[in-house]
Amino acid sequence: MKKFVIIGLLILLLVMVVFTCLGIGITDISYRFLSGLIDRTESIIIYQVRLPRILGALLVGLGLASAGAVLQVILRNNLAEPYTLGISGGAALGVTMLLLVSPLTKITFLTMPLFGFCGAFLSVALIYLITSRHRFSVESLILSGVVISFICSSLVLLIFSISRPTEIQSVLFFLMGNFSAINYSLLKIVSIPIIICILILVVLAREIDVLSLGDEKASHLGVSPLFLRRLLFLITSVITGCCVAVSGMVGFVGLMMPHIMRNIVGPSSRLLIISSALSGAIFLIICDTLARVIIAPAELPVGVITGIVGGIFFLGIIIYNNRI
Amino acid sequence: MKKFILPIVFLGGWWLLCGCPQKPERTMVGVPQGEIISDATGISFSLPLKNQRIISLAPSITENIKILKSENYLVGRTDFCKMPVSISSVGTIIDPSVEKIITLKPDLVFATKEGNRPQSVEKLRELGVAVFVFGESNSWVDIKNNFLLCAKLLGKTAEAEIVIKTIENELSQIRTSPDVPVRVLVQLNVTPLISAGRNTFVDDIITYAQGYNIASESALPWPVLSIEEVFRRNPEIIIISDMGNITAQAKQMWLDEKFADISAVKNKKVYVMDSDLLCQPTPVHFITAVRNLREHLK
């Protein structure tokens, strides 16, 4: 019963946050859009500028937080997050590669997300190959992820150091995470894989619970730890790759939300995944709205806001909660 | 005992390596006669300076040298300076090769406060190279002063004053034409949309051309402008700084149907401007940019 109350409350809160944030911005429209009394420009601002951003933040928040929740369980590490496995490093390298090939390609709005996704995909493939030699053990996943991240970030810096300063800007903003370049066609492409993958995670929740007991017990209970870990690694990678393609690197959401939610709802995976996802979406929408208005008419990268707000909030929890 | 030999040899060698090159005295080139001027880092230089071999670490300074017809003094430049390849490059603006600079045996190195890193300047000074750092170019006055300063160091003050006088005449002519300011958006990047705030020479270009910079409300020099702000301010002219391949993407961006009602898009007043004019602050680039923009505004 408690389950449904929590999820119901979170959904209600999410809906409220979506509508509240639609009304916030530098143009004074406030809540007239609810009654439909807006002119053409105002309706463009609401439906073409603010709404896609809010939907993007919602999607990325859902994705990163649910992937984080699952990874913390399967890696048995509370510091695990979607970027632990080297995916962010690969995506960053992919986007930075754009600086090298940019004279050769025709750049459209899909180019950067595509390069990011390809980079993420390659690093995942590499980690998959390395860890498959070690039966997808937790240690090999974390180690190879961290090492791949290091290599990628060094290569990123290498490319930066030989590029024209003015060209670096776009990539730098991508690395800081922002939703300003979002549009409906990009959202359509990535929303399907993200939502399907989250649903699979929810369906697999019972098996994830069993896996958290340890490999031996899991095998006794009829779950193949090797197969399951491989599957979950791939699913969370698809989610993270798509999220990175939409927004660049938005940190802290995937680490913080599962943490907070575990304290509220307990360790049951299904409830944890759903509640983390919803709270991640709420948190990211609020952060992106802050990024839009804090130094208006200029904008901040949302990754900076999630880092600061999330970090301080998280520190508070660590200091005042004796259970951690 | 044996196992200590290697560390001792290593440490000794390290000590020798670090200790050997005596830190050279900071030499001030030039004879202490006449005027003393200080650069943007507060180092004083006394005129006249020895200036037969010059390295420029900033494209804008290289351009200034070209305007003053002193290219023959130039022995080094960056990868981004538009110069014949006969003058060798010392690398990028952010990370020029100290080794290459030293081998070129410059009398004087020109750097800028905004473009070059203080670490590069400090390193060169430690090695006894005279580095003159020019201040930021945030307005027409800054551009003018930096140009005159450069001319003074090259001993070309008279020529420089003629250049400035001609340009200021033209500027005052353009300025007197009585017009209502036209709302202008200067676009320096696509994703994210970066423009120029009020404390920049780009803002001055717009103002001198009788325009109103829609990003001038931002106190940041190069703000990431919110798309919403573009709708709110409804620019009548959009100037895209030519970013090579990305320029096509920038033009494409404004064709999106959501921008159809923006005045500049509706009246087909989206133009591309040479990025050098908007990125390399020199008097000639400044007046060219003002002139170009003025043409579009008419």
Side-chain angles (χ1 to χ4, degrees), chain A residues 24-29 39-50 52-53 95 98 101-113 160-174 176 178-185 248 291-293 295-301, chain B residues 58-59 78-80 91-95 114-117 188-197 214-234 241-250 252-253 256-263 275-276 278-280:
Chain A
I24 298 174
I26 44 179
T27 330
D28 184 26
I29 303 175
D39 63 24
R40 206 179 121 75
T41 313
E42 285 172 340
S43 94
I44 289 177
I45 289 177
I46 293 282
Y47 298 110
Q48 303 282 331
V49 179
R50 290 185 194 168
R53 281 187 76 142
V95 171
L98 199 58
V101 300
S102 68
L104 311 172
T105 49
K106 192 178 176 298
I107 295 174
T108 68
F109 280 96
L110 280 181
T111 316
M112 204 178 261
F160 271 10
S161 64
I162 55 172
S163 300
R164 197 179 264 268
T166 47
E167 283 174 348
I168 296 176
Q169 231 153 19
S170 316
V171 176
L172 218 50
F173 263 83
F174 179 86
M176 290 192 269
N178 74 91
F179 288 100
S180 65
I182 213 156
N183 56 31
Y184 284 120
S185 31
R292 282 194 289 132
V293 298
I295 53 162
E299 281 183 10
L300 284 172
Chain B
T78 68
D79 287 341
F80 307 113
T92 59
I93 300 167
I94 294 179
D95 199 13
E114 53 208 340
N116 303 106
R117 289 187 313 150
L188 301 169
N189 194 19
V190 189
T191 48
L193 172 61
I194 293 179
S195 189
I214 68 159
S216 61
E217 253 183 43
S218 173
L220 299 177
W222 312 109
V224 174
L225 205 62
S226 148
I227 296 285
E228 232 183 288
E229 181 71 0
V230 178
F231 281 105
R232 198 161 73 107
R233 296 271 163 188
N234 193 13
S241 167
D242 192 359
M243 300 159 279
N245 199 37
I246 309 175
T247 308
Q249 190 195 353
Q252 190 68 36
M253 166 184 164
D256 192 307
E257 72 180 302
K258 72 179 165 203
F259 294 119
D261 277 357
I262 299 278
S263 176
S275 63
D276 288 354
L278 297 169
C279 298
Q280 296 175 7

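Chain letters run A, B, ... following the sequence lines, proteins first and then strands; every chain starts at 1. Values below: all heavy atoms of this structure, side chains included; hydrogens, waters and symmetry mates excluded.
Two residues are said to be in side-chain contact when any heavy atoms from C-beta on lie closer than 4.5 Å; A:Leu172 and A:Pro301 fail this criterion.
Separation of atoms CD (A:Glu299) and CD (B:Glu229) is listed at 10.0 Å; rounding is to 0.5 Å.
Heavy atoms closer than 4.5 Å to chain A are found in the side chain of B:Thr92, but not in its backbone.
Heavy-atom pairs under 4.5 Å with chain B were tallied for A:Asn178, A:Ile295, A:Ile26, A:Thr41; the largest tally goes to A:Ile26. Most heavy-atom pairs under 4.5 Å with chain A, from the set B:Leu225, B:Asp256, B:Val224: that is B:Val224. Top candidate by heavy-atom pairs under 4.5 Å with chain A, chosen from B:Asp261, B:Ile194, B:Asp79, is B:Asp261.
Taking the charged nitrogens against the carboxylate oxygens, A:Arg53 and B:Glu228 have no contact shorter than 4.0 Å, which rules out a salt bridge.
Using modelled atom types and a 3.5 Å distance limit, the side chains of B:Asn234 and B:Ser263 yield no donor-acceptor pair.
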